[in-house]
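Here is how names work: the chains are called A, B, and so on, in the same order as the sequence lines, proteins then strands, and each is numbered from 1.
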Protein chains: 2
Amino acid sequence: MILSKSFGYALRGILYVSLMQEEKRKVSLDEIAGQLKVPRYFLAKIMKEVVKAGVLSATRGQQGGFFINSNTLNTSLTTIIRLTDGEEYFNICMLSLQKCNPSNPCPLHSKFEPGRQELFEVCHNTTIGMVIKNNKPEFIKSISFH
Amino acid sequence: MILSKSFGYALRGILYVSLMQEEKRKVSLDEIAGQLKVPRYFLAKIMKEVVKAGVLSATRGQQGGFFINSNTLNTSLTTIIRLTDGEEYFNICMLSLQKCNPSNPCPLHSKFEPGRQELFEVCHNTTIGMVIKNNKPEFIKSISFH
DNA sequence: CCCATTAAAGACATGGGCGTCTTTAATCAT
DNA sequence: ATGATTAAAGACGCCCATGTCTTTAATGGG
């Protein structure tokens with residue numbers, strides 16, 4: 001697995017809430033999990049972190065739920081990866097060598113660098129808002145199919 | 001983790017054996033694990049698979065150990081990844097969507113494709129022999145440091 | 001032939017990602 | 001106010017990658 005399952009759940013959850021927000025309504029955990037066919041309780045944990053990080057907002061109680069805030073659409077994929085896959089994700093050596101770094105590289109460091117850099121750039125330059133922009137009719141379906 | 005720890009252990013083990021082979025000698029598991037500072041018993045399991053796949057050869061008994069064969073230097077990184085991270089590694093959707101594929105892509109499929117392709121190409125086009133070629137004096141050290 | 005040595009094979013333990021359930025706290029409709 | 005609804009928080013279990021140990025089988029030295 002290049003990225004964790006948690007990342008997929010988090011991103012899809014955020015995208016779903018952002019899409020629904022066009023209708024100015026809050027979205028409950030049950031709705032998200034149901035629509036995206038994602039394990040409800042597990043998603044709850046992840047969404048809690050997403051809210052804690054300020055990427056989404058949420059209120060409890062009747063008519064409560066998740067909703068976007070001023071950060072949401074500007075959030076980059078790297079921000080989400082940091083939440084779900086850890087701060088160090090982008091620095092871990094492909095050979096799992098702790099001391100590998102640009103100034104003390106492993107034998108494959110330079111080989112892997114372009115691909116890793118490309119993936120990082122894409123994640124860094126892609127925001128939730130940009131993904132939402134490409135608003136195909138089947139968008140919900142495309143993040144719901146199992 | 002982009003690639004498993006097992007991949008790092010396998011690759012480093014294969015590289016070590018290949019380097020020692022220049023002195024025409026077999027290498028024991030104890031030597032590999034000791035030199036590379038890798039969990040001995042865990043490495044044993046991985047090396048068994050490496051031998052079973054034909055990437056290295058091995059004999060038991062006194063003066064036994066691991067040694068290279070006609071496949072070793074031509075083995076690509078993708079072959080090793082297939083052993084340690086599974087056949088499907090290169091096809092898994094970044095959002096963990098099972099039905100995501102080029103003809104039914106997730107919203108980020110095309111974004112991730114160039115980076116993934118780059119990594120795949122590098123792995124596919126890089127062989128053990130090519131890595132050995134860049135034979136710096138500190139090569140052993142570079143795959144040994146923890 | 002016998003024994004030390006070595007990889008192969010299999011049993012078992014651990015840790016973290018993943019998943020489920022229960023309890024608590026907040027919010028709103030009534 | 002009260003109760004239904006909702007997210008937050010925490011306890012618990014499962015599975016698989018990782019790691020350890022023991023037993024078995026093969027090989028070569030003496």
Side-chain angles (χ1 to χ4, degrees), chain A residues 1-10 12-14 17 20 25-34 36-67 69 81 83-86 88-89 92 95-96 146, chain B residues 1-10 12-14 17 20 25-34 36-69 81 83-86 88-89 92 95-96 98 146:
Chain A
M1 294 270 287
I2 296 180
L3 286 167
S4 66
K5 295 181 80 167
S6 293
F7 168 75
Y9 293 156
R12 290 162 65 202
I14 296 167
V17 172
M20 291 306 110
R25 65 193 188 82
K26 293 172 186 158
V27 190
S28 74
L29 191 61
D30 278 334
E31 177 179 343
I32 306 173
L36 302 187
K37 301 186 190 72
V38 158
R40 185 207 180 287
Y41 295 116
F42 187 52
L43 180 64
K45 280 195 206 170
I46 298 170
M47 293 302 279
K48 180 176 52 176
E49 297 303 318
V50 169
V51 169
K52 195 178 289 180
V55 174
L56 284 177
S57 295
T59 60
R60 309 185 200 188
Q62 287 190 1
Q63 314 298 342
F66 299 89
F67 56 99
N69 60 34
I81 292 174
L83 280 177
T84 57
D85 293 63
E88 70 291 355
Y89 177 81
I92 290 182
L95 273 51
S96 303
H146 50 280
Chain B
M1 294 271 285
I2 296 181
L3 286 168
S4 66
K5 295 181 81 168
S6 293
F7 167 76
Y9 294 156
R12 290 162 65 203
I14 296 167
V17 173
M20 289 307 110
R25 65 192 189 82
K26 294 173 185 156
V27 190
S28 75
L29 191 62
D30 277 336
E31 177 179 344
I32 305 172
L36 302 186
K37 301 186 191 72
V38 157
R40 186 208 180 285
Y41 295 116
F42 187 52
L43 180 64
K45 281 195 205 171
I46 299 171
M47 294 301 278
K48 178 175 54 175
E49 297 302 318
V50 169
V51 169
K52 194 178 290 179
V55 174
L56 284 178
S57 295
T59 60
R60 309 188 200 187
Q62 284 192 3
Q63 314 298 341
F66 298 90
F67 56 98
I68 70 176
N69 60 34
I81 293 174
L83 280 177
T84 56
D85 293 62
E88 70 292 355
Y89 177 81
I92 291 181
L95 272 52
S96 302
Q98 288 183 13
H146 51 278

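First and last contacting nucleotides of DNA chain D toward chain B (any atom under 4.0 angstrom from a heavy atom, 5' to 3' order): D:dT18 to D:dG29.
To the nearest 0.5 Å, atoms CD1 (B:I81) and OG (B:S6) are separated by 12.5 Å. Going from atom CD of B:Q98 over to atom NZ of A:K37 covers 11.5 Å, rounded to the nearest 0.5 Å. For the atom pair OG of B:S96 and CZ of A:F7, the computed distance is 9.0 Å after rounding to the nearest 0.5 Å. B:I2 CD1 to B:Y89 OH: the interatomic distance, rounded to the nearest 0.5 Å, is 6.5 Å.
Two residues are said to be in side-chain contact when any heavy atoms from C-beta on lie closer than 4.5 Å; A:I32 and A:V38 fail this criterion.
Here B:I92 pairs with A:M1, B:E88 under the side chain to side chain contact (heavy atoms under 4.5 Å, CB included) rule; sequence neighbours left out. With sequence neighbours excluded, the residues satisfying side chain to side chain donor-acceptor pair (under 3.5 Å) with B:S4 are B:D85.
Annotation for A:A10 and A:T84: closest pair CB-CG2, 3.9 Å, computed over non-hydrogen atoms.
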If you restrict it to nitrogen or oxygen atoms, what contacts under 3.5 Å exist between nucleotides 4-6 of chain C and the protein, and what is each distance?
unit_1: C:dA4; atom_1: N3; unit_2: B:Q62; atom_2: NE2; d: 3.3
unit_1: C:dT5; atom_1: O2; unit_2: B:Q62; atom_2: N; d: 3.4
unit_1: C:dT6; atom_1: O4'; unit_2: B:G61; atom_2: O; d: 3.2
unit_1: C:dT6; atom_1: O2; unit_2: B:G61; atom_2: N; d: 3.1

Listed pairs, N/O of protein and of nucleotides 16-20 of chain C, under 3.5 Å:
unit_1: C:dC18; atom_1: OP1; unit_2: A:K5; atom_2: N; d: 3.1
unit_1: C:dC18; atom_1: OP2; unit_2: A:S6; atom_2: OG; d: 3.0
unit_1: C:dG19; atom_1: OP1; unit_2: A:K5; atom_2: NZ; d: 3.2
unit_1: C:dG19; atom_1: OP2; unit_2: A:Y9; atom_2: OH; d: 3.0
unit_1: C:dG19; atom_1: O6; unit_2: A:K45; atom_2: NZ; d: 2.5

Can you give each donor-acceptor pair under 3.5 Å made by side-chain atoms of residues 45-69 of chain B, sequence neighbours left out, with the distance rounded to 0.1 Å?
unit_1: B:S57; atom_1: OG; unit_2: B:N69; atom_2: ND2; d: 3.0
unit_1: B:N69; atom_1: OD1; unit_2: B:N71; atom_2: N; d: 2.7
unit_1: B:N69; atom_1: OD1; unit_2: B:T72; atom_2: N; d: 3.2
unit_1: B:N69; atom_1: OD1; unit_2: B:T72; atom_2: OG1; d: 3.2
unit_1: B:N69; atom_1: ND2; unit_2: B:G54; atom_2: O; d: 3.1

